[in-house]
Every structure is written in structure tokens, then in C-alpha cells.
Amino acid sequence: MSLALFNDLTRKKEPFIPIKEGQVTFYSCGPTVYDYFHVGNSRPFIVFDVLRRWLEHEGYHVTFVQNFTDIDDKMIHRAHKEGITVQELAERFIAEYNKDANALGIRKPDVSPRATEHIPEIIHTIERIIENGHAYVSDGDVYFDIQSWPKYGTLCKQNLEDLEAGARVEPGEKKKDPLDFALWKAEKPGEPSWPSPWGNGRPGWHIECSAMSSKYLGDNIDIHSGGVDLMFPHHENEAAQSEAASGTDKPFVNYWLHNGFLLIDNEKMSKSLGNFLTARAAIEKYPPLALRFFMLSAHYRSPINFTTDALEQSAAGVSRLRNSRSDLNFAAKTRTGKNESFDLKKFQNELDELHTKFSEAMNDDFNTAAAMGILFDVVYLINTTLKENDILPDEFFTLSKNALGEYDSILGVIGPDDSESEHDEESAEIENLIQERTNARKTKDFARSDEIRNMLKARGIVLEDTPQGTKWKREL
RNA sequence: GGCGGUAUAGCCAAGUGGUAAGGCAGAGGACUGCAAAUCCUUUACCCCCAGUUCGAAUCUGGGUGCCGCCUCCA
């Protein structure tokens, strides 16, 4: 089975067929860098990171672009409040974004364009829209002309009347239609501005994505993703702008993907509601891997509820995965050898079968929840095999490690391998203490034995006694 | 009001019409100096009502609950 994605444009699961064979152009809406991003914001970053990895795993050459919105009302207000420039604010929170994203195992995009570094492209895009007759200048502002765009509302499946009924009309606005939205906003005192054919001003919210997407990926791209709340108005507007600018009948985006919301206490987590937890605060409280596990434990389009319980359960799940790998590593050092009664072929077949299932799950609208179920099946297979055999051949360890490694290169929920750091200074010290404890246990000095174990435990090092000796691992 | 999502065990959650994956927690057991980990055993009237079907968690119709979008929002 090949990859199918649920396309919000058609509200159907469709086979994924890229524009250029073997290549994927993928634009993901990034953060407005006026603050730390919160746990809800982290969901699309994590789930679409996994989709990107999966596409690459399947052999596509992916160009992944995720923007930084570094100029808008929120940026301006926040910068004023902090007494710094908008640019300083952006620099600060782009750095903070990168820290948190890195901690959560989110890979860097191929391109991370910033709105303020693309003012010429934005202006050019607006000029094209005006030339094509879909925007008008009104007293220094430029608005998109909704009435000139019959397709408006196709993404969010709303007709114009219903949208107009709900549209906010602000006094003093210079729009022809309440649904018209700003492409360019005339300069206001004390706000950053750039010169343009329509006077000094700044870009509207939606236009940056159109301009930057087109610059780095072209006028017709494969995938565009973001949270469901961006479907309207942001993505609807983007599509209208981009298609109005390109002037071709090719759609801006072939596959629109939207992740479901993250709820906290059964309510949407949002900055405006004030019920948010920053990703920074969350990963101080819970292991980052647990947060990632949590995001991937449900299908990306389902809503998920952020609770202490759920995060603790996720952390326990991560531990199970990590334990299996650390048991595997330890056994590889202590229990490798010839074993005539072990049926390697059968083991390999079972792994292959699970591999097929994993691929099927990921190809089915990247169903990470099902895929993680398969990962646990793999862990179970490895654990029982380790249990049933005292000695196992090299091939078993190679196959098992490769399997876990491959799955984790996509999901990123098992995390770094402690055994890779086993030659550093701290490890040597730990090994010495373990040796001392082993000696104490031989002479039945359990007081000293437990003392050493507790001492290491306090440092986050957990000891486990096995028939092959004592193994250690770091706590999550 | 318009549009959309969702309802599966104590909790989280997958599920393509053929009597329910996986994880967490719990109980009992094996192993262990004690622990930890692991393994074995064990836990589901799939929101309600009606319908289609030989057969429905899955399809249809009607309810009900919860959530979201329609305004800045991942």
C-alpha cells in the first residue's frame, strides 16, 4: 500500500501523488515569534515532523519549509510592552523556538524564512494580485477583493453569505466587503514599516506565507499543513492570494493537512484563553520524549486532551521502549553466541511482518497511533526472545537494533542511546561503583549494596541485577 | 444560526462489515537478597434508539453529550 493522506480540500483520504515524481514540496505554518510556543502549538511541529521523516523514509526528496512570522500585531504589542524592537523580540524567540524544538526532537526545516526578510517578494506578490484584478488599494491599505474570487470558501466549505454573516466589521475600515482582508497595511505611528508602491506600511498576516511558499517551493506545491484553526481564515486567504497572484488555474496546494486541537481540561489550549502551558514549562515537568510520545499516541486529526495522567502514561510508555533497547544492548554484551535451537529465520519473518504492518499504518494517513502499537509489538517480540534464550547470535542483535533504530528514526520516541556514552568519565565511575556493589553482594553486605544503589538512584542512575550481572541506565 | 470534529475497558488509544491492536494503571504468579526490568495469567453490554445486512464499533436515519471553526489563534 502506498501513502494516502486525508486532504481537507476534498475531505477525503486520497492517494498521495507528488507533482514531481520522487519529490515533495511541503510548507508548514510556523510560529509567530512573540513568546514561547505552547504545548498546543507543538502538536503540528511534532506530527508534521514525523510526516516529513516518513516521506523521506519512503524515498522522497522532501523540501520542507516552515516560516517564522516576525511581524504582526502581536509582535508589535509585545515588543512595546517589553520596551524592545520588534526585531529584537523576534531574534529572542526564534532562538527560544529552536531550543524547544530541538529538545522535542523536531528537525530543522530545510528553509525557515522570515516575513521581514521577504518584503520585496511580498510586495511583488501583492502587485501581481492587483494586476490580475483581485486586489485594490484603499488609502494606503491594500485589500484582497473577495467578490472577484468565486472560489473563496472552497477550503473551509462555507458559502459567502454565511461567512459574511459572521464577519467582523470594524468602524472606519476601508474595505468594499467585510470579508476582504488586508494584504498590506498602511503605516501607523510607532510601528515598523517598509516602503512600498502604496506608501509605507507592513504586510498583512496571510500574504507572507503566499510569498515565501511561492519563492521556495513554487506556485503549486504538494503539501501545506497547520492547525485546524488555520483553515479559516488563514489558509483560505492564502489559497486565494496565491492563486490570484500566480494567475494560472493550478491550485496553490494539492494536499491540505490540518492537525486536530490539543485540549487542556477539555478546552482548547490557547494564549488568548490563558489556559496554556508553554512547551518549555512542559518539558521541565515531563520528559520531552513523553511529550512527543503523547502527541503521536493519537491520530493527528483527532483532538487530544493534555492531562497529567496522559503525560505520566506516556512517560511510562517511553520507559518500556527504552528498557527494551537497554536490555538488548546489555544482552548483546553478555549473551552473544551460537544457539542452535534459536530459529533466526522465524524471528526475522516475524520482524518483517511487523515491518509491513508498520508501513501500512504510516501509509494510512500517517497513523502514528497504530504505528506505535506496532512498535510495542516489536518490543514484545524482542523481550520474549531475550527471555526465552540464554544465548543469542549476533544476527539477532543486529536485526533487533536495526528495527528499533529504523522505527525511532521516524517516530523519535525512544531517544538517545545511553550505551553510546558508555566510555565517558562518568560511566567509568558508575562501572566502578557497580563493581564495588557486586563485591558487597557476594559477601552478603546488602547494606552497602543498597547504599550504592540508592546513591546512584539519587543521581538518576538505575541499577538492575540480572543473571549476567548488573546493568545500569539513566532515568528518563 | 452556518460549517466541521468526536463518543471504544479504571485511564490513553487503534480499528479497512465477519464475534475488539497497543500502551498505562490494577490483581495473581514466575524470576530476585531486596528492588527494578521482563515474562505468564487476568480485566470491553464499542453513547442511545431505529434501520440495511446472513453478519455492524464499522454503513444509513434520528437522538444525546463533549470539542472546535465562523474574530487573533497550531
Side-chain angles (χ1 to χ4, degrees), chain A residues 1 8 11 13 28-32 37-48 72-74 77 153 156-159 161-170 179 205 225-234 236 258-263 266-273 276 293-294 297-299 301-305 307 309-324 326-327 330 357 360-361 364 367-377 379-380 382-384 386-388 441 444-446 449-450 453-454 457 462-467 470-473:
Chain A
M1 190 175 80
D8 276 307
R11 297 255 164 86
K13 215 185 276 180
S28 193
C29 280
T32 301
F37 65 90
H38 64 63
V39 180
N41 300 134
S42 75
R43 188 175 187 190
F45 303 151
I46 292 170
V47 299
F48 295 119
D72 81 334
D73 289 347
K74 292 191 296 288
H77 292 152
C156 67
K157 307 281 186 282
Q158 299 265 358
N159 61 47
E161 294 76 53
D162 290 331
L163 284 170
E164 302 221 344
R168 178 174 63 177
V169 184
E170 288 195 348
L179 285 175
W205 173 34
S225 65
V228 277
D229 57 339
L230 292 186
M231 200 169 344
F232 189 88
H234 185 53
E236 190 73 51
H258 294 98
N259 63 278
F261 264 115
L262 179 127
L263 310 176
N266 268 322
E267 238 190 1
K268 173 178 166 177
M269 180 182 285
S270 89
K271 285 178 182 166
S272 32
L273 290 174
F276 68 93
F293 183 107
F294 169 69
S297 66
H299 189 267
R301 281 189 289 110
S302 311
I304 47 174
N305 199 15
T307 61
D309 244 24
L311 267 290
E312 282 168 359
Q313 289 178 16
S314 295
V318 171
S319 291
R320 179 168 165 83
L321 298 174
R322 292 178 64 77
N323 284 337
S324 181
S326 86
D327 286 351
F330 188 72
K357 285 187 180 171
E360 283 170 357
D364 185 11
N367 189 337
T368 56
M372 292 230 289
I374 310 301
L375 178 55
F376 278 98
D377 288 340
V379 160
Y380 174 77
I382 291 170
N383 288 349
T384 47
L386 282 172
K387 184 84 176 176
E388 285 161 9
R441 290 178 73 220
K444 304 231 187 277
D445 182 359
F446 295 122
S449 163
D450 290 346
R453 187 167 63 194
N454 291 336
K457 168 94 173 143
V462 179
L463 300 188
E464 292 175 14
D465 298 325
T466 78
T470 301
K471 66 188 273 283
W472 66 273
K473 65 181 183 192

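Residue numbers begin at 1 in each chain, while the letters A, B, ... track the order of the sequences.
- In this entry the distance linking CZ of A/F37 with C1' of B/rA74 reads 11 Å, nearest Å.
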For residues 315-323 of chain A, run the donor-acceptor check on the side chains, cut-off 3.5 Å, and write out each pair with its distance to 0.1 Å, sequence neighbours left out.
{"residue": "A/S319", "atom": "OG", "partner": "A/A315", "partner atom": "O", "Å": "3.2"}
{"residue": "A/R322", "atom": "NH1", "partner": "A/I414", "partner atom": "O", "Å": "2.4"}
{"residue": "A/R322", "atom": "NH1", "partner": "A/P416", "partner atom": "O", "Å": "3.1"}
{"residue": "A/R322", "atom": "NH2", "partner": "A/P416", "partner atom": "O", "Å": "3.2"}
{"residue": "A/N323", "atom": "OD1", "partner": "A/K473", "partner atom": "NZ", "Å": "2.3"}
{"residue": "A/N323", "atom": "ND2", "partner": "A/S319", "partner atom": "O", "Å": "3.2"}

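- Rounded to whole Å, the distance from CG on A/L263 to P on B/rC12 is 12 Å.
- Here the side chain of A/T384 pairs a donor or acceptor atom with the backbone of A/Y380 at under 3.5 angstrom.
- Residue order along RNA chain B, read from the 5' end via each residue's closest nucleotide, puts A/N323 first among A/G260 and A/N323.
- In this structure, A/K268 places its NZ atom 19 Å from P of B/rG4, rounding to the nearest Å.
- With both ends at atom P, the span from B/rU41 to B/rU8 equals 27 Å, rounded to whole Å.
- Note on A/R320: a side-chain N or O is less than 4.0 Å away from OP1 or OP2 of B/rG23.
- Here the side chain of A/D364 pairs no donor or acceptor atom with the backbone of A/N367 at under 3.5 angstrom.
- Looking at the side chain of A/A369, the nearest of the listed nucleotides B/rA14, B/rG33, B/rA74 is B/rA14.
- When heavy atoms are screened at a 4.0 angstrom cut-off, A/G226 is found touching the sugar-phosphate backbone but no base atom.
- Considering only the side chain of A/R453, B/rG33 comes nearest among B/rC3, B/rG33, B/rA30.
- Following rounding to the nearest Å, A/F294 (CZ) and B/rC11 (P) show an atom-to-atom distance of 16 Å.
- Between the A/N41 side chain and the A/P31 main chain, no donor and acceptor come within less than 3.5 Å of each other.
- With a cut-off of 3.5 Å on both Watson-Crick or G-U wobble distances, the partner of B/rA7 is given as B/rU64.
- Taking atom CD1 of residue A/I304 and atom P of nucleotide B/rU8, one finds them 16 Å apart after rounding to whole Å.
- Across all strands shown, A/E388 has no heavy atoms under 4.0 Å from either base or sugar-phosphate atoms.
- Remark: B/rA20 base-pairs with no nucleotide in the shown strands. Criterion, Watson-Crick or G-U wobble with two distances under 3.5 Å.
- At a threshold of 4.0 angstrom between heavy atoms, the contacts of A/H299 are confined to the sugar-phosphate backbone, with no base atom among them.
- B/rC46 is unpaired under the criterion used here, namely a Watson-Crick or G-U wobble arrangement in which both key atom distances are under 3.5 Å.
- Base pairing of B/rU53 is not made with any nucleotide, judged by Watson-Crick or G-U wobble geometry with both donor-acceptor distances under 3.5 Å.
- When each of A/R301 and A/A310 is assigned the nucleotide of RNA chain B with its nearest heavy atom, A/R301 is the one assigned upstream, toward the 5' end.
- Taking the six-membered ring where tryptophan is involved, the planes of A/F37 and A/F45 are perpendicular, since the angle between them exceeds 60° and thus also 30°.
- Here the P atom of nucleotide B/rA14 and the CD atom of A/E360 are 18 Å apart, to the nearest Å.
- Taking atom C1' on both B/rA20 and B/rA44, the two are 8 Å apart, rounded to the nearest angstrom.
- For A/F232, counting side-chain heavy atoms from C-beta on, the closest listed nucleotide (B/rC72, B/rU38, B/rC69) is B/rC69.
- The side chain of A/S302 contributes an N or O atom lying less than 4.0 Å from OP1 or OP2 of B/rA14.
- For A/R43, there are no salt bridge (charged side-chain N to carboxylate O under 4.0 Å, His left out) partners two or more places apart in sequence or in a different chain.
- With a 3.5 Å ceiling on both atom-pair distances, B/rG33 lacks any Watson-Crick or G-U wobble partner.
- For the OP1/OP2 pair of B/rC66 and a distance below 4.0 Å, the side-chain nitrogens and oxygens of A/N266 include no atom meeting the criterion.
- A distance of about 26 Å separates the C1' atoms of B/rA74 and B/rG65, rounded to the whole Å.
- To the nearest 0.5 angstrom, A/L262 atom CG is 4.5 Å from A/I304 atom CD1.
- Distance from the side chain of A/F376 is smallest for B/rG22 among the nucleotides B/rG22, B/rC11, B/rC70.
- Residue A/A298 places its side chain closer to B/rA14 than to any other of B/rA14, B/rA74, B/rG23.
- Applying the 4.0 Å criterion to OP1 and OP2 of B/rG15, one finds that A/N367 has a side-chain N or O inside that range.
- In the set B/rC34, B/rC24, B/rC72, the nucleotide with an atom closest to the side chain of A/Q313 is B/rC24.
- B/rA25 and B/rU42 have their C1' atoms separated by 14 Å, with the value rounded to a whole Å.
- Nearest nucleotide to the side chain of A/K157, out of B/rU38, B/rC3, B/rC24: B/rC3.
- For A/L230 and B/rA74, the CG to P distance is 6 Å, given to the nearest whole Å.
- The side chain of A/Y380 sits closest to B/rC40 out of B/rC40, B/rA74, B/rC24.
- In this structure, of B/rG22, B/rC39, B/rA36, it is B/rG22 that holds the atom nearest to the side chain of A/D377.
- Straight-line distance between the P atoms of B/rA21 and B/rG29: roughly 27 Å, to the nearest whole Å.
- Taking only distance into account, the side chain of A/D72 never meets the base of B/rC72 through a donor-acceptor pair shorter than 3.5 Å.
- Considering only side-chain atoms of A/D229, the nucleotide from B/rG23, B/rA14, B/rA74 that sits closest is B/rA74.
- Surrounding NZ of A/K357 are at most 12 heavy atoms belonging to other residues, nucleotides or ligands under 6.0 Å away.
- One P atom belongs to B/rG2, the other to B/rA13, and the distance between them is 30 Å to the nearest Å.
- Using atom C1' as the reference point in both B/rG62 and B/rU19, the two lie 27 Å apart (nearest Å).
- One interatomic measurement links the two molecules: CG of A/L262 to C1' of B/rU6, which rounds to 15 Å at whole-angstrom precision.
- A/R11 comes within contact range of the sugar-phosphate backbone alone, with a heavy-atom separation under 4.0 Å but no base atom that close.
- Evaluation of atom-type donor-acceptor distances gives a pair under 3.5 Å for the side chain of A/S449 against the base of B/rG33.
- Residue A/N383 is in sugar-phosphate contact alone, with no base atom involved, counting any heavy-atom pair closer than 4.0 Å across all strands shown.
- Counting non-hydrogen atoms under 4.0 angstrom, A/L386 reaches nothing in the nucleic acid.
- No hydrogens or angles considered: nothing links the side chains of A/K471 and A/T466 as a donor-acceptor pair under 3.5 Å.
- B/rG26 and B/rA35: their P atoms are spaced 15 Å apart (whole Å).
- An aromatic stacking contact links A/F446 with the base of B/rG33, defined here by ring centres under 5.5 Å apart and ring planes under 30° from parallel.
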